[in-house]
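Heavy atoms only: backbone and side chains are in, while hydrogens, waters and symmetry mates are out. Keep in mind it's a predicted model, so treat the numbers as computed, not measured. Ligands are counted one by one from 1 in listed order, and the atoms in each one are counted from 1 as well.
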Amino acid sequence: MRFDIITIFPDVVRAAAEESILKRAQAKKKVVINVHDLRDYTDDKHLKVDDRPFGGGPGMVMGCQPIFDAVKKIKGRRKAHVILTCPRGKTLTQKRVKKLTSHRNIIIICGHYEGVDERVNQFLVDECLSIGDYVLTGGELPAMVVMDAVTRLIPGVLGREESLVDESFEHGRLDYPHYTRPADFRGKKVPDVLLSGNHADINAWREKQALAITRKNRPDLLKDSK
Ligand code: ADE
């Protein structure tokens with residue numbers, strides 16, 4: 001899979017791409033991550049990529065020209081799924097992340113300022129995504145979130161695909177609690193059942209815990225579960 005990220009803060013995105021799973025995934029040739037500075041595509045001699053909003057109002061709006069030209073150049077003749085990160089988008093869920101793994105090429109435009117000229121949304125973007133009901137200063141963190149969540153689902157990236165089966169949001173519920181050694185940490189003990197070696201009992205306990213945690217923290221998920 002190939003990601004092309006269009007941003008006014010390329011160093012921020014590059015830093016994320018050079019650590020941990022994203023770094024490993026690139027080393028294993030599972031993903032290619034290209035980061036593009038939007039200012040490289042502006043026709044403005046002062047390298048401006050934004051302007052005042054028509055109709056008045058606060059803040060600045062990212063203009064069409066650099067974004068349209070960047071996407072055209074980056075896409076070339078390839079087919080690519082174009083995402084805009086913005087708080088107005090559909091909320092990113094594990095289901096949407098899984099759907100994104102079907103694309104060979106993903107271009108992410110990092111939104112900024114008051115927003116992006118609506119014609120970008122109308123004529124260039126396939127999907128506008130929000131990472132939650134809060135407003136960030138820009139779309140770089142959301143772009144990294146999308147890349148991270150998608151990359152870890154690509155076969156061979158984690159090298160332990162079986163662990164994806166039980167994780168949070170699978171089967172419409174959150175993950176069960178995990179423990180590791182020591183079994184007794186300063187008097188705080190691991191539940192006996194996990195030390196019993198009885199896998200039927202362990203599975204039943206985990207199922208019960210997952211349900212209890214979901215009911216407490218995210219009852220909305222249970223409404224959707226099969
Ligand atoms: N830009 C600012 N806030 C955002 C959010 N919550 N999701 C995606 N992009 C954003």
Side-chain angles (χ1 to χ4, degrees), residues 1-22 31 33-42 47-68 70-71 74-75 80-103 105-153 168-169 174 217-218 220-221 224:
M1 169 162 314
R2 171 177 159 152
F3 289 102
D4 285 282
I5 313 297
I6 303 171
T7 167
I8 56 169
F9 292 117
D11 291 344
V12 173
V13 181
R14 276 191 201 112
E18 280 160 20
E19 296 289 342
S20 188
I21 299 280
L22 290 179
V31 290
I33 299 174
N34 299 311
V35 184
H36 308 269
D37 188 339
L38 183 64
R39 293 186 202 282
D40 291 342
Y41 296 88
T42 180
L47 303 185
K48 257 176 66 135
V49 293
D50 60 339
D51 214 329
R52 283 166 295 141
F54 279 126
M60 300 292 268
V61 176
M62 288 175 93
C64 287
Q65 179 272 316
I67 300 179
F68 272 77
V71 169
I74 291 162
K75 231 181 186 176
H81 187 68
V82 181
I83 294 171
L84 170 69
T85 56
C86 83
R88 271 181 21 195
K90 291 182 190 152
T91 310
L92 188 68
T93 58
Q94 192 63 13
K95 213 168 160 180
R96 290 215 164 92
V97 171
K98 273 192 191 164
K99 259 180 135 174
L100 289 175
T101 61
S102 67
H103 299 285
N105 301 297
I106 293 179
I107 297 176
I108 308 180
I109 305 162
C110 302
H112 255 276
Y113 308 117
E114 270 319 289
V116 175
D117 189 301
E118 190 58 22
R119 287 164 290 187
V120 169
N121 231 330
Q122 267 181 299
F123 299 108
L124 207 57
V125 164
D126 297 306
E127 184 169 35
C128 182
L129 288 177
S130 160
I131 61 162
D133 292 346
Y134 42 82
V135 181
L136 299 163
T137 52
E140 282 69 25
L141 288 170
M144 291 181 221
V145 167
V146 172
M147 251 194 322
D148 186 289
V150 172
T151 300
R152 65 188 289 286
L153 294 186
S168 286
F169 309 111
L174 301 175
N217 292 349
R218 292 292 306 277
D220 54 304
L221 291 177
D224 307 331

Ligand 1 contact by G132, heavy-atom criterion under 4.0 angstrom: yes
Backbone or side-chain N or O of V135 under 3.5 Å from ligand 1 N or O: no
Protein contact of atom 1 (N) of ligand 1 - nearest heavy atom, named by residue and atom, plus distance: P87 CD, 3.5 Å
Within reach of ligand 1, part of T137 (heavy-atom separation under 4.0 Å): neither
Closest to atom 9 (N) of ligand 1 among C86, G139, C128 (heavy-atom distance): C86
Nearest heavy atoms of P53 and P58, plus distance in Å: CG-O, 4.2 Å
Geometric N/O contact L136 with ligand 1, under 3.5 angstrom: yes
Within-cut-off N or O pair, P142 and ligand 1, under 3.5 Å: no
Non-hydrogen side-chain atoms of T7 and V12 separated by less than 4.5 Å: no
Heavy-atom side-chain proximity of H112 to M60 below 4.5 angstrom: no
Residue F54 excluded, over 12 heavy atoms near CZ under 6.0 Å: no
Shortest non-hydrogen contact between I106 and L100, atoms and distance: CD1-O, 3.7 Å
Test item: V116 and N121 side chains (from C-beta on) under 4.5 Å apart, heavy atoms: no
Nearest-neighbour protein heavy atom for atom 6 (N) of ligand 1, which is reported as residue plus atom name and distance: Y134 O, 2.8 Å
Element-labelled atoms of ligand 1 that are located less than 4.0 Å from some non-hydrogen atom of T85: 9 (N)
Side-chain heavy-atom pair I131, L136 within 4.5 angstrom cut-off: yes
Where L174 and F169 come nearest, the two heavy atoms and their spacing: CD2-CE2, 3.8 Å
For atom 7 (N) of ligand 1, the protein heavy atom that lies nearest, with its residue and separation: I131 N, 3.0 Å
Geometric N/O contact L129 with ligand 1, under 3.5 angstrom: no
